[in-house]
Amino acid sequence: MSARASFLLSRRLKVRAWLSVPHRRAASARFRKNARGMWSLRIFLLLTLVSLFAELFANDRPLVVFYKGALYCPLFSDYPETTFGGSFATATDYHDALVAESIARDGFALWPPVRYRYDSHSLDLSGPAPSAPSARHWLGTDDQARDVFARLLYGLRLSLWFGLTLAACASLIGVAVGLLQGYFAGRIDLWGQRLIELWNAMPQLYILIILASVITPSLLWLLFLMVLFSWTGLVSLVRAEVLRVRNFDYVRAARALGASHTHIMLRHVLPNALVATLTFAPFIAAGALVTLTGLDFLGLGLPPGSASIGEMLAQGKNNLQAPWLGLSGFFVIASLLSLMVFIGEALRDAFDPRR
């Protein structure tokens, strides 16, 4: 490429970058004006932050222990029971009456708001499990005497991690396939569309149920299986956007100046396709949460004992005399899906090209 052609190409890229700033600012302003979307984003970020540090809010260990002039951090280290006046060298059970009395006599312990983890069994219930909500168990306990609030908090983190990771992986694959189909068009687009149509014709949920029942379920395995079926929904959006952009003047000018296909796709075409990806990602994450919850509800999802909202809903079905189990799981998953949908709608309206 000649020096003049390089100068013209760099100048065009700078002009496009300069022109794109007002568009981004206008889209950001439209998103901030959407009160429902902004409040949904704030609440979603707050829930994500709280669930990310779930150990600080629900744990069967104190955050810090000050005992006989020494400071201990049970949250990060294991201490033998003899450290706090116990008789055994095993890991300390801080709910043990003798240990708690010894710490209270010669120091103090700073506990999180909920003194149970998702897998902690409460041994001080006044009645049979599941027990009703109380001052000690805010949302009651399940049929295995585990704190419902702690399980929902840890399950929320697991669900958010799963949904956001799946949305990111599916978006990468969907954008790459849609970009290749739309840019090169022709036979690549034709054969790609036929293969995607065949793939979409497969009963996804039934295949997931069959594979989950044959193979030992795990979080990474479920993530891999669901990524295989989640990327196709984004291909058509990206492909349509790329088919529109590939004939624009600045793309044809870059091609005439000798720019490579990779450079044109990444620098000129891909930024336009990212708008569709950004607006569609929350809906992919919401669909992932629904599928994961459904598999856990059927007992074909995460391994037994995992913090799962779907497993909480299944317990609510099996224990109709304890309505707090089903209602807690329902309100958590319904609120989470509503927030994601509201955020996706706000992003869609903000980046709408007709505006």
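Between the CZ atom in F342 and the CG atom in L41 there is a gap of 13.5 Å [rounded to 0.5 Å]. Rounding to the nearest 0.5 Å gives a distance of 11.0 Å between CG of L220 and CG of L225. Distance check: Q315 CD to T141 OG1 gives 9.5 Å after rounding to the nearest 0.5 Å. The line from CD of Q144 to NE2 of H121 is 6.0 Å long, rounded to the nearest 0.5 Å. Going from atom CG of L289 over to atom CD1 of I284 covers 12.0 Å, rounded to the nearest 0.5 Å. The CG atom of D96 sits 10.5 Å away from the OG atom of S102 when rounded to the nearest 0.5 Å.
Using modelled atom types, one side-chain atom of R157 and one backbone atom of L52 make a donor-acceptor pair closer than 3.5 Å. A donor-acceptor contact shorter than 3.5 Å links the side chain of W199 to the backbone of L228. With hydrogens and angles disregarded, no donor-acceptor distance shorter than 3.5 Å links the side chain of S306 to the backbone of S308. S51 contributes no side-chain N or O that, together with a main-chain N or O of A54, makes up a donor-acceptor pair within less than 3.5 Å. Checking side-chain atoms of T291 against main-chain N and O of G287 turns up a donor-acceptor pair under 3.5 Å. A side-chain donor-acceptor contact under 3.5 Å links T83 to the backbone of P80. Of the possible donor and acceptor atoms, none in the side chain of T293 sits under 3.5 Å from a partner among the backbone N and O of G310. Looking at D142, its side chain does come within 3.5 Å of a backbone N or O of A145 through a donor-acceptor pair. A side-chain donor-acceptor contact under 3.5 Å links R30 to the backbone of A350. Of the possible donor and acceptor atoms, one in the side chain of D296 sits under 3.5 Å from a partner among the backbone N and O of L302.
Considering every non-hydrogen atom in both A170 and W231, the closest pair reads O-CB, 3.6 Å. Closest approach of F44 to M340, counting heavy atoms only: CE1-CE, 3.7 Å. Nearest heavy-atom pair, V235 versus Q181, reported as atom, atom and distance to 0.1 Å: CG1-OE1, 3.9 Å. Of all non-hydrogen atoms in V238 and V175, the two that sit nearest each other are CG1-O, 3.9 Å. When all heavy atoms are compared, the tightest approach of A58 to A150 is CB-CB, 3.9 Å. The heavy-atom pair separating L166 from S230 by the smallest distance is CD2-OG, 3.5 Å.
Two residues are said to be in side-chain contact when any heavy atoms from C-beta on lie closer than 4.5 Å; F162 and L219 meet this criterion. The shortest side-chain heavy-atom distance between L63 and F76 does not fall under the 4.5 Å cut-off. Residues R146 and R117 fail the side-chain proximity criterion, which asks for heavy atoms closer than 4.5 Å. Counting heavy atoms from C-beta outward, P282 and V341 have side chains that stay 4.5 Å or more apart. When side chains are defined from C-beta on, S122 counts as touching H137, because their heavy atoms get closer than 4.5 Å. Proximity of L325 to L139: side-chain heavy atoms (C-beta onward) are nowhere separated by under 4.5 Å. Inter-residue side-chain proximity for P130 and Q321 is flagged as met; some heavy-atom pair is nearer than 4.5 Å.
A chain of hydrophobic side-chain contacts below 4.5 Å, direct or via other Ile, Leu, Val, Met, Phe, Trp or Tyr residues, connects I173 to F224. Note on V114 and L56: same hydrophobic cluster, where clusters join Ile, Leu, Val, Met, Phe, Trp and Tyr whose side-chain heavy atoms are under 4.5 Å apart, directly or indirectly. V227 and W221 fall within the same hydrophobic cluster, defined by Ile, Leu, Val, Met, Phe, Trp and Tyr side-chain heavy atoms under 4.5 Å apart, directly or through other members. One hydrophobic cluster, built from ILVMFWY side chains closer than 4.5 Å, holds both L45 and L160. Residue F184 is not grouped with residue L243 when hydrophobic side chains (ILVMFWY) are merged at heavy-atom distances under 4.5 angstrom, including chains of intermediate members.
As a member of the Ile/Leu/Val/Met/Phe/Trp/Tyr network built from side-chain separations under 4.5 Å, Y67 groups with V65, Y72, Y79, F84, Y94, V99, I103, W111. Apart from Y154 itself, the hydrophobic cluster it occupies contains Y118, where clustering links Ile, Leu, Val, Met, Phe, Trp and Tyr at side-chain heavy-atom distances under 4.5 Å. Side-chain heavy-atom separations under 4.5 angstrom define the hydrophobic clusters, and W39 shares its cluster with no other residue.
Between D60 and R115, none of the side-chain N atoms (NZ, or NE/NH1/NH2) sits under 4.0 Å from a carboxylate O, so this pair counts as no salt bridge. Contact check on R246 versus E241 returns no salt bridge, with no Lys/Arg side-chain nitrogen under 4.0 Å from an Asp/Glu carboxylate oxygen. Salt bridge annotation for R61-D93: absent, with no cationic side-chain nitrogen under 4.0 angstrom from a carboxylate oxygen. Looking at E311 and K317, no side-chain N of the basic residue comes within less than 4.0 Å of a carboxylate O on the acidic one, giving no salt bridge.
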Could you walk me through whether D147 and S120 pass the side-chain contact (heavy atoms from CB on, under 4.5 Å) test, one step at a time?
-> CA-CA 7 Å; D147 188 82; S120 302; over 6 Å; no

Yes or no on side-chain contact (heavy atoms from CB on, under 4.5 Å) for F53 and L153, after CA distance, side-chain angles and deciding distance?
-> CA-CA 10 Å; F53 300 98; L153 185 59; over 6 Å; no

L75 vs E55, side-chain contact (heavy atoms from CB on, under 4.5 Å): CA-CA, chis, key distance, verdict = CA-CA 8 Å; L75 195 61; E55 286 80 6; 4.2 Å; yes

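For the residue pair R151 and Y116, no side-chain donor N or O sits within less than 3.5 Å of a side-chain acceptor on the partner.
Among residues two or more places apart in sequence or in another chain, the side-chain hydrogen bond (donor to acceptor under 3.5 Å, both in side chains) test is passed with N200 by T232. Scanning for salt bridge (Lys or Arg N to Asp or Glu O under 4.0 Å) contacts around R36 gives E345, with sequence neighbours left out.
Within the structure, the ring pair (Phe, Tyr, Trp, His ring centres under 6.0 Å) test picks out no pair touching residues 282-331 (sequence neighbours left out).
With respect to V242, the side-chain contact (heavy atoms from CB on, under 4.5 Å) criterion is satisfied by exactly one of D189, L179, L180: L179. Across L339, L336, T48, I343, a single residue satisfies side-chain contact (heavy atoms from CB on, under 4.5 Å) together with I43, and that is L339.
Within 6.0 Å of the CZ atom in R194, the count of heavy atoms belonging to other residues, nucleotides or ligands exceeds 12.
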